[in-house]
**Q** 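Dropping the structure in here first, questions after.
Note that the structure is a prediction, hence the values are computed from the model and not measured.
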Amino acid sequence: MDEDGALRLEPHEVALLRGGPRAAVTVAVVDLYLRGAVEPGPPGTVRALPTEPGTAATPLPPLAEAVRWSLEEPLGIRRLTRHPDVRLAVALMRIPLAEDGLLRYPLLGPTRAARRRVRDLRERHPLPGGRRGLTADGRLLAVALHDEAALLLLLPRFALRAGLVERAEVADRGPRRYSSRGGPSGASDPFHCGGGTGGGPD
């Protein structure tokens, strides 16, 4: 329970309430990446990594487990979100959220209470200033709450190579790609992740 007595939400649940199934699946993919279970595949896809022989499997949240076993071949985030096993895992996630009054029946979208919970969480957990000192759970919550801004700040190379973020379209200047450092090529912006921002798998 949170301090206010409300049911504590996991990052993938927060993402589902904020942005729907694709946002929840994105958090699951990031969770797997931070655990060393997936890596970028061919451009715009993610692929599973083989489990090391003799390594005890760490229990995964049900959605992350469904995503992991759906990666028999590299998939982009859209195809992954539409995979039958992933769709089933998302549907099962929705049941307790609906029972807690956070999703409307017939599960078409978040309730006013859910939007308030997400808004309160965003106020309590603003976009971090960098990666230093963030735990894996902190990264997952940041992605759940702040979506592409958090991905480009905390996991820029993985997010771009795996297709979790799309090419930026800038008005009057045409399309430009984000660089591997997390910001538009040749630009200085708040997503820059140069030296001194802390360690991590990205």
Side-chain angles (χ1 to χ4, degrees), residues 8-16 19 21-90 92-93 125 127-166 178-182 191-202:
R8 179 169 296 169
L9 298 172
E10 297 297 326
H12 57 281
E13 294 173 322
V14 174
L16 180 67
R22 175 168 172 161
V25 173
T26 296
V27 169
V29 168
V30 171
D31 188 3
L32 291 168
Y33 174 68
L34 294 176
R35 295 170 186 260
V38 301
E39 66 179 3
T45 69
V46 63
R47 64 184 169 198
L49 289 170
T51 303
E52 291 292 332
T55 302
T58 303
L60 294 171
L63 179 59
E65 186 169 5
V67 168
R68 170 68 178 80
W69 291 111
S70 298
L71 290 170
E72 296 176 352
E73 61 177 343
L75 293 176
I77 189 68
R78 289 184 182 179
R79 288 184 60 195
L80 194 51
T81 302
R82 293 196 299 262
H83 191 284
D85 291 344
V86 174
R87 292 177 65 184
L88 175 60
V90 171
L92 293 175
M93 276 178 54
H125 303 277
L127 184 68
R131 291 179 284 181
R132 184 181 299 278
L134 273 185
T135 63
D137 286 344
R139 291 192 186 200
L140 290 179
L141 184 58
V143 172
L145 290 170
H146 302 286
D147 196 33
E148 287 194 1
L151 287 168
L152 289 168
L153 175 67
L154 303 174
L155 303 157
R157 288 186 292 274
F158 173 69
L160 288 162
R161 292 173 59 197
L164 301 184
V165 295
E166 297 179 358
Y178 280 95
S179 72
S180 62
R181 299 178 67 179
F191 298 139
H192 172 68
C193 292
T197 57
D202 209 62

**Q** When you compare the side chain of L141 with that of L145, does any pair of heavy atoms fall below 4.5 Å?
**A**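 In short, these two side chains touch, coming nearer than 4.5 Å.
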**Q** List for me each residue that meets side chain to side chain contact (heavy atoms under 4.5 Å, CB included) alongside A66, sequence neighbours excluded, and say none if there are none.
**A**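 Per chain and number, A66 pairs via side chain to side chain contact (heavy atoms under 4.5 Å, CB included) with A89.
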**Q** List the atom pairs, donor and acceptor, that lie under 3.5 Å between side-chain atoms in residues 9-16 and the rest of the protein, sequence neighbours left out.
**A**
residue	atom	partner	partner atom	Å
E13	OE1	E10	N	2.8

**Q** Under the ring pair (Phe, Tyr, Trp, His ring centres under 6.0 Å) rule, what pairs show up with a residue in residues 132-154, not counting sequence neighbours?
**A**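 Output for this query is empty, none listed.
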**Q** Pick out which of L63, D85, T81 makes a side-chain contact (heavy atoms from CB on, under 4.5 Å) with V90.
**A**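 Going through L63, D85, T81 one by one, the side-chain contact (heavy atoms from CB on, under 4.5 Å) with V90 is satisfied by L63 alone.
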**Q** Do you know which two heavy atoms are closest between V27 and L140, and how far apart they sit?
**A**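 Looking at all heavy atoms of both residues, the shortest contact is O-CD2, 3.7 Å.
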**Q** Can you list every salt bridge (charged side-chain N to carboxylate O under 4.0 Å, His left out) pair that touches residues 64-76, not counting sequence neighbours?
**A**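 Of all non-adjacent pairs touching residues 64-76, those that pass salt bridge (charged side-chain N to carboxylate O under 4.0 Å, His left out) are E73-R79.
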**Q** Tell me, please, which residues at least two apart from H83 pass side-chain hydrogen bond (donor to acceptor under 3.5 Å, both in side chains).
**A**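 Expected list: S70.
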**Q** Between L154 and A142, which heavy-atom pair has the shortest distance, and what is it?
**A**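 Residues L154 and A142, closest heavy atoms: CD1-CB, 3.8 Å.
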**Q** Tell me, which pairs form a side-chain hydrogen bond (donor to acceptor under 3.5 Å, both in side chains) where one or both residues lie in residues 39-49, sequence neighbours left out?
**A**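 Residue pairs passing side-chain hydrogen bond (donor to acceptor under 3.5 Å, both in side chains), neighbours aside: E39-R47.
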**Q** Using the salt bridge (charged side-chain N to carboxylate O under 4.0 Å, His left out) criterion, which residues pair with R22? Sequence neighbours excluded.
**A**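 Testing R22 for salt bridge (charged side-chain N to carboxylate O under 4.0 Å, His left out), a comparison that skips the adjacent residues, returns E166.
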**Q** Find out whether L151 and F158 are in side-chain contact, i.e. whether some heavy atom of one side chain is under 4.5 Å from a heavy atom of the other.
**A**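 They are not in contact (no side-chain heavy atoms under 4.5 Å apart), so the answer is no.
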**Q** Write down the atom of L152, the atom of P156, and the distance for their closest heavy-atom approach.
**A**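 Scanning both residues, the minimum pair turns out to be O-CB, 3.3 Å.
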**Q** Could you check whether any side-chain heavy atom of L60 comes within less than 4.5 Å of a side-chain heavy atom of V67, counting everything from C-beta outward?
**A**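 No, every pair of side-chain atoms sits at 4.5 Å or beyond.
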**Q** Checking side-chain contact (heavy atoms from CB on, under 4.5 Å) for the pair V38/L49: CA distance, chi angles, key distance, verdict?
**A** CA-CA 5 Å; V38 301; L49 289 170; 5.7 Å; no
**Q** Under the side-chain contact (heavy atoms from CB on, under 4.5 Å) rule, what do L164 and V30 come out as? Steps first, then yes or no, please.
**A** CA-CA 9 Å; L164 301 184; V30 171; 4.1 Å; yes
**Q** Can you list the steps and then say if L75 with V46 is a side-chain contact (heavy atoms from CB on, under 4.5 Å)?
**A** CA-CA 6 Å; L75 293 176; V46 63; 5.5 Å; no
**Q** Counting C-beta onward and ignoring hydrogens, is there a side-chain heavy-atom pair between R139 and L155 closer than 4.5 Å?
**A**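 The answer is yes; the side chains approach within 4.5 Å.
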